[in-house]
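This one's a predicted model, so the numbers in the text were calculated from it and none came from an experiment.
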Amino acid sequence: MEDEVERRQIQQILELDNEELQIEEVESLLESSDDDRHASGVVSPDDFTFNTQLTSLHSYLGEVDDTRHRSAFWDGGAVLNLPLFYFEGVVLFPEATLPLRVIEPNFVAAVNRAMTQADAPYTMGVVRVYRDSNDGPLRLAKVGTTAEIRQYRPVEDGSINVVTRGQQRFCLRRCWIDAEGAPFGEIQIIEEDIPFRTPRDAYAKLVPLNNRRGQQILSLNALSHGGRNDENDSEANSEESFENELTQTERRIHQSAIGACYDSDRMDESTSSADYNKLSESDSQSGSPCGTDSTFLGSSPSGHEKQVRNTDLGIGTKSMARKVAEPRSHLSSTLSRAFAPIWVYRMYDSFCLAQKAADMWKQIVGTPSMDGFVKKPDLLSFYIASKIPVSDPTRQELLEIDGVSYRLRQEIELLERLDRVRCKICKTVIARRSDMLVMSTDGPMGAYVNSYGYVHEVMTFRKAKGLATRGRPHKEYSWFPGYAWTIINCASCDVQMGWLFTATNEKLKPKSFWGIRSCQVKDETR
């Protein structure tokens, strides 16, 4: 079935290539003011006829053979020796596609070693290289991603065309050049955390805050009738049950906060009834733990939110624990120990964060459905990180974040603040986030390789400004079947920013779009 689909897609490509094509003048496109978008910023289906599946095939590489090999995942902490590929301006994430045209002899040797090695067949490591300054030495990033060779074809001139897919993050421990000239590295697989939910089942067993005063009265009655031991036993069992529902990290935070709360009790023995009512009202208004409205974290007082963000995991310091746990009294030992309101848990619930990030991404990019990703927050965090239109240093920072919830929170913040895309050299505004255009099933940003073997990560935009074309359109080796490419430079500093793609078939829509190199942009936030 898959072979039949691929044959149909290749046939479409051939039909596009064989038609008599009329390339429109680039100048008229630059001056065009028509807008194919609705008010929401998403391209209308009537104004979009390009088959985005064709782009993800990377048909410009020619015929490549499926290796039909899927390597197993390694356990976290595993140490491996792998052939290394390193690129300037490229950050590979798990599940992302990386096409390669391997020309240099040392990297050809690396691919051949990867295809034949016994302990990790068809696998190599990919890391980003960078310079601290324009004339500084190249440095290797400390965190990279393993890449599995999915498609492979040697070429007559001695080069190799390869399509790989990111698998697992790793830490680069050391690197060297082997006897055949192939770059190698000793890597250690990073153990990924498991996405966790707010422990709502455990939380539901706890006494609601608005019943605390009633429980205090019951506790007093129990004490007056000699029921203290039974009460303590019941509370101890409840506390143990609650902690058993928590992850190791949540349990550590919980115990830290409880200890801080006891210190607070000794400092403040009483609390007014007005304080109880205020906290109860605040907690009751926080709503569902997975709310996806614009207030997401807005159910908490701004002071709480600020203090939470300024601590390691948002809570755990004495001052913060007292803020969250107040009001408490000398009877606190007889109450359920829900040390934080639900909005605090919600800040670190991977699934709630995934829902918010997916909704924002869909609104910006117009992706039809993100439901599958919402059920897998770890994959969603890598997907957004690999497609978000930010500079490669920022994307490297996202790759290096340990923890699904932390990566998602950073991405949400970037999506909230990201507005303009600027030239890295002269800071000229060249595009806006609202003008992103999806021209591939891989999303609005992807990796492509040119005929000289240089890999470019390109973000696609419907509109751009401050750019000037250089030369004439070319149809050969186009990454987008049916479109010709023209080199574009920044009009202010003349650095190459990417390419203008123009339709060579009048039936294709959009008529043109812009491909901007991620390594040439500077992040601009509101």
Close side-chain approach of Phe170 to Leu82, heavy-atom, < 4.5 Å: no

Within-4.5 Å side-chain heavy-atom neighbours: Ser59 and Pro481: yes

Under 3.5 Å: donor-acceptor pair, side chain of Lys387, backbone of Asp442: yes

Min side-chain heavy-atom separation Pro183-Ile177 under 4.5 Å: yes

Gln355-Asp359 side chain donor-acceptor pair, cut-off 3.5 Å: yes

Chi angles and distances behind the side-chain contact (heavy atoms from CB on, under 4.5 Å) call for Asn450, Tyr60: CA-CA 9 Å; Asn450 66 16; Tyr60 54 89; over 6 Å; no

Heavy atoms of other groups near Tyr454 OH, more than 12 under 6.0 Å: no

Test item: Asp402 and Arg169 side chains (from C-beta on) under 4.5 Å apart, heavy atoms: yes

Close side-chain approach of Arg432 to Phe461, heavy-atom, < 4.5 Å: no

Enclosure of Leu138 CG (heavy-atom neighbours >12, cutoff 6.0 Å): yes

Any residue meeting ring-ring contact (aromatic ring centres under 6.0 Å, His included) with Tyr86, in chain and number order, not counting sequence neighbours: Phe107

Centroid-centroid under 6.0 Å between Phe513 and Phe48 rings: no

Main-chain N/O of Asp378 paired to Ser381 side chain as donor or acceptor, under 3.5 Å: yes

Any residue meeting salt bridge (charged side-chain N to carboxylate O under 4.0 Å, His left out) with Asp65, in chain and number order, not counting sequence neighbours: Arg153

Ser56 and Thr441: side chain donor to acceptor below 3.5 Å: yes

Over 12 foreign heavy atoms within 6.0 Å of CG, Asp119: yes

Side-chain ion pair, Glu400 and Lys142, N-O less than 4.0 Å: no

Check: Glu506 and Lys511 side chains under 4.5 Å, non-hydrogen atoms: yes

Least distance between heavy atoms, Lys463 atom then Ala431 atom: O-CB, 4.1 Å

Residue pairs passing the salt bridge (Lys or Arg N to Asp or Glu O under 4.0 Å) test where at least one lies in residues 77-101, sequence neighbours excluded: Glu88-Arg131, Glu95-Arg165, Arg101-Asp157

Where Leu380 and Ala357 come nearest, the two heavy atoms and their spacing: CD2-CB, 4.4 Å

